[in-house]
Amino acid sequence: MYALNDIVLYKGEPKRIVSLSNEYVETYIKLEDIYSNILQNGVEPIEISNSFLLKNGFVLKKLLVTFDEDKFDKFVYVYLNDGFVIELYISEKDADLNVARLIIHKNGTENMIDVKLNYVHELQQAFRMCNLQYAADNFKI
């Protein structure tokens with residue numbers, strides 16, 4: 001499910017969602033630089049990639065981690081901002097970077113949010129839940 005300011009692909013180009021509306025059972029989306037509403041199924045999510053993470057302030061920290069019973073041996077990226085430590089684990093089970101586990105610690109506490117995500121807009125929404133709207137709304141593609 002998309003939200004305002006999420007970044008998606010439309011006809012192969014990254015665009016930001018500027019409004020959402022529902023008519024009957026269909027959701028319409030308005031995108032930046034597009035003057036008419038389009039059906040939600042006309043847009044595609046953007047998969048998380050190494051280059052996306054590096055462009056947006058994540059730093060590679062480790063190459064092998066065991067977390068619970070899952071092994072993550074491709075990458076662990078860390079993002080630091082205002083008391084939050086955001087760790088993004090990329091699973092060894094998939095050849096691509098499209099399945100990840102996001103763990104968010106706040107102010108060094110053991111309280112954390114642990115979610116699985118596949119796409120950039122899901123990462124944006126997780127950042128917004130942690131009051132990091134500015135970072136989420138200014139991701140570079």
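- In this structure, Asp137 and Arg16 approach most closely via the heavy-atom pair O-NH1, 2.9 Å.
- We find the CG-CD distance between Asn118 and Glu47 to be 8.0 Å, quoted to the nearest 0.5 Å.
- Taking every heavy atom of both residues into account, His121 and Met1 meet most closely at CD2-O, 3.8 Å.
- Residue Ile17 is not grouped with residue Val120 when hydrophobic side chains (ILVMFWY) are merged at heavy-atom distances under 4.5 angstrom, including chains of intermediate members.
- Other members of the cluster containing Val18 do not exist, because no ILVMFWY side chain is joined to it at under 4.5 Å.
- Both Leu132 and Ile48 sit in one connected hydrophobic cluster of ILVMFWY residues. Membership requires side-chain heavy atoms under 4.5 Å apart, directly or through other members.
- Hydrophobic clustering, with ILVMFWY side chains joined whenever heavy atoms are under 4.5 angstrom apart, groups Ile141 together with Leu117.
- Under the rule for a side-chain hydrogen bond (donor to acceptor under 3.5 Å, both in side chains), the partners of Asn22 that lie at least two apart in sequence or sit in another chain are Thr27.
- Cluster annotation: Val43 and Tyr119 are assigned to distinct hydrophobic clusters (Ile/Leu/Val/Met/Phe/Trp/Tyr, side-chain heavy-atom contacts under 4.5 Å, transitive).
- Here the CG atom belonging to Asn41 is positioned 9.0 Å from the CD1 atom belonging to Ile38, to the nearest 0.5 angstrom.
- Listed here is the closest heavy atom pair of Lys55 and Lys140: O-NZ, 3.7 Å.
- Members clustered with Leu39: Tyr28, by chain and number, using a 4.5 Å side-chain heavy-atom cutoff among hydrophobic residues.
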I'd like a table of donor-acceptor pairs (distance under 3.5 Å, sequence neighbours excluded) in which one partner is a side-chain atom from residues 5-13, with atom names and distances.
unit_1	atom_1	unit_2	atom_2	d
Asp6	OD1	Arg128	NH1	2.7
Asp6	OD1	Arg128	NH2	3.3
Asp6	OD2	Ala3	N	2.7
Asp6	OD2	Gln125	NE2	2.7

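- Between Gln40 and Tyr2 there is a side-chain heavy-atom pair separated by less than 4.5 Å.
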Check step by step if ring-ring contact (aromatic ring centres under 6.0 Å, His included) holds for Phe52 and Phe58.
CA-CA 9 Å; Phe52 167 79; Phe58 282 85; 7.5 Å; no

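- Residues Ile46 and Leu53 are members of one and the same hydrophobic cluster, defined by side-chain heavy-atom contacts under 4.5 angstrom among Ile, Leu, Val, Met, Phe, Trp and Tyr.
- Here the closest non-hydrogen pair linking Ser19 and Leu4 is CA-CD2, 3.5 Å.
- What you find for Asn56 and Asn138 is that their closest heavy atoms are OD1-O, 4.2 Å.
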